[in-house]
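Worksheet: one structure, shown below.
Below, all heavy atoms of this structure are taken into account, side chains as well, without hydrogens, waters or symmetry copies. Here the structure is a predicted model, which is why all the values come from computation and not from measurement. Residue numbers count from 1 along this sequence.
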Amino acid sequence: MANNLRETENLQEHLQHVIQLLYEHKLAEGLLPPQPLPEQGLMDGLLHGQSLAELQRLLDELHPADVAHILEVMPLEDRLLIWDLVKAERDGEILLEVSDAVRETLIASMERGEMRAAAEQLDADEIADIAPDLPRDVLEDVFQSLPMEEREKLRAAMSYPEDAVGALMDFDVVTIREDVTLEVVLRYLRRLNELPDQTDLLFVVDRNEYFKGVLPLNRLLVSDPAALVSSVMSKETIVFYPDERAQQAAQAFERYDLVTAAVVNAEGKLVGRVTIDAVMDFIREESASEALSVGGLSQEEDLFAPIWKSLKNRWTWLAINLVTAFVASRVIGLFEDSIEKLVALAALMPIIAGIGGNSGNQTITMIVRALALGQLNGGNARMLISKEIGVSAVNGVVWGAVVGGFAYIIYRSFSLSLVMMLAMMLNLLLAALMGVLIPLTLHSLGRDPAAGSSVMITAVTDSGGFFIFLGLATLFLL
């Protein structure tokens, strides 16, 4: 934890240093009005025109992921200035690290030759990650420049959807035969320049590349060098298929504490591997996508994207929300006479709707999480609905009594307090039922269960809460 905190602090220090150097550069270029310079170091930087040179040296020393973070938090003009200072041989690995939205802005500023050179620095599975953002003609140039074996790997990686194991697959694997000794394996490993990242085991295959098992490195190092691989390797291991859901692979990595795992085709031949870093990236992207979906955003958005682009990303659910707001207003309109006769209803009805919306969002959060973790299925869905309704019933009694008590204290009406209590209970029951059904319905239709769920549950609890409360008040009080 201490190391992680220190790395975060270092990144923030680097970011502040970059901002200061950009400030110096803009002053030197006359892009900012002259201002008093508090530090002699700043004056020296201006006099010698070294700001950009120092900034370039700083960027060269930073990890690609840190450079990517700096690019993401910079306004577009400063981002492109920093991007021009990055060494060309690092373009590819930085493009891999930045978000999709920021990657679009960087690629849009590059020449065709620059894009091709950046892509050619990457492996086939990495090219597949940035391929959707590359122009078609550039991608074709890159494809033609690859060796035949790499072309096949790239074609295979691009053939899988983003949520499939094949999209996470890494082709850089170390394979060995089961009929050789551990001494032979050790000599073979010594001839390699380096092992692929996240290598904690070797994959055992036969002459036809059929997967047989794995040989953990720790077992290789402590076993008798004269022993055969077949006598030391593990045949019981976790394997995945390219068309399997990446979410299931992520759950398996978490459950079994995996670092790497084999990917085999339908015939049982080894075609690649999945590593923990790819799984972590997938989990992070899924979490970010889920958070955006709950808020009604259709896709990830560049913080400094043009206004028009941001508007298009946000309009869909705002339009839906406007429609639901009109529906809620018409529900209130049905009871205008009741509100005129008992003005207290106008003051109290937002309480019913607000608590219902909060309760419904809590239920949706639990259901979406259960779906993401694979904990919810057809066998336990009915039991879960019953449980959530039970929770809401108890909450309705408890908090209905609380708001009913406040209503009695303020308006001295026992019948009004009972209506408040009953309306609270019914709206919480409605929130629980819809909080389960909305994400389950979206999931059964193949949609993201979090997409707009918050907007929909708020619409239901607002309109439903107003109708229940005003209807009960009209029936029993007026």
Within 6.0 Å of [atom1] in [X], more than 12 heavy atoms from elsewhere:
| X | atom1 | value |
| --- | --- | --- |
| Glu162 | CD | no |
| Met366 | CE | no |
| Gln248 | CD | yes |
| Asp197 | CG | no |
| Tyr160 | OH | yes |
| Arg255 | CZ | yes |
| Glu89 | CD | yes |
| Phe282 | CZ | yes |

If we count only N and O atoms by modelled type, under 3.5 Å, do the side chains of [X] and [Y] hold a donor and an acceptor together?
| X | Y | answer |
| --- | --- | --- |
| Gln16 | Gln12 | no |
| Glu24 | Ser51 | yes |
| Glu54 | His17 | yes |

Restricting to side-chain hydrogen bond (donor to acceptor under 3.5 Å, both in side chains), what partner residues turn up for Asp123, sequence neighbours left out?
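Per chain and number, Asp123 pairs via side-chain hydrogen bond (donor to acceptor under 3.5 Å, both in side chains) with no residue.
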
Under 4.0 Å between a Lys/Arg side-chain N and an Asp/Glu carboxylate O for [X] and [Y]?
| X | Y | answer |
| --- | --- | --- |
| Arg103 | Asp100 | yes |
| Arg273 | Asp172 | no |
| Asp137 | Arg112 | yes |

Measuring from atom [atom1] of [X] to atom [atom2] of [Y], what distance do you get when rounded to the nearest 0.5 angstrom?
| X | Y | atom1 | atom2 | answer |
| --- | --- | --- | --- | --- |
| Ser359 | Leu429 | OG | CG | 9.0 Å |
| Leu80 | Ser109 | CG | OG | 5.0 Å |
| Leu59 | Ile70 | CG | CD1 | 6.5 Å |
| Glu140 | Arg116 | CD | CZ | 11.0 Å |
| Ile355 | Trp399 | CD1 | CH2 | 8.0 Å |
| Leu470 | Thr474 | CG | OG1 | 6.5 Å |

Would a 4.5 Å heavy-atom cut-off, applied to side chains only, mark [X] and [Y] as touching?
| X | Y | answer |
| --- | --- | --- |
| Ile276 | Met280 | yes |
| Val263 | Val165 | yes |
| Leu426 | Leu472 | yes |
| Leu154 | Met158 | yes |
| Asn361 | Thr458 | yes |
| Val271 | Phe171 | no |
| Asp281 | Leu168 | no |
| Thr461 | Ile352 | no |

With sequence neighbours excluded, residues passing side-chain contact (heavy atoms from CB on, under 4.5 Å) with Asp84:
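Not a single residue meets the side-chain contact (heavy atoms from CB on, under 4.5 Å) criterion with Asp84.
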
Would you find a donor on one side and an acceptor on the other, under 3.5 Å apart, between the side chain of [X] and the backbone of [Y]?
| X | Y | answer |
| --- | --- | --- |
| Gln56 | Ala53 | no |
| Gln121 | Gly92 | yes |
| Ser463 | Val460 | no |
| Ser392 | Ile389 | no |
| Glu72 | Ser99 | yes |

If I compare all heavy atoms of [X] with all of [Y], which pair ends up nearest, and what's the gap?
| X | Y | result |
| --- | --- | --- |
| Ala353 | Asp462 | CB-OD1, 3.4 Å |
| Ile457 | Ala431 | CD1-O, 3.8 Å |
| Val98 | Ala68 | CG1-CB, 3.4 Å |
| Pro135 | Met115 | CD-SD, 3.6 Å |
| Ala118 | Leu95 | CB-CD1, 4.2 Å |
| Leu345 | Ala473 | CD2-CB, 3.6 Å |

Any chance you could lay out the side chain to side chain contact (heavy atoms under 4.5 Å, CB included) test for Val274 and Thr260, step after step, and finish with the verdict?
CA-CA 6 Å; Val274 177; Thr260 57; over 6 Å; no

Would you call the rings of Phe414 and Tyr408 parallel, tilted or perpendicular, taking 30° and 60° as the class edges?
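Correct class here is perpendicular.
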
Any chance you could lay out the side chain to side chain contact (heavy atoms under 4.5 Å, CB included) test for Asp78 and Ile19, step after step, and finish with the verdict?
CA-CA 9 Å; Asp78 293 341; Ile19 293 174; over 6 Å; no

I'd like to know whether Phe335 forms a side chain to side chain contact (heavy atoms under 4.5 Å, CB included) with Phe469, so could you lay out the CA-CA distance, the side-chain angles of the two residues, the decisive distance to 0.1 Å, and finally the verdict.
CA-CA 10 Å; Phe335 298 94; Phe469 176 60; over 6 Å; no

Let's go through Leu348 and Leu416 carefully: what are the C-alpha distance in whole Å and the side-chain angles of both, what is the deciding distance for side chain to side chain contact (heavy atoms under 4.5 Å, CB included) to 0.1 Å, and is it a yes or a no?
CA-CA 10 Å; Leu348 295 174; Leu416 178 60; 3.8 Å; yes

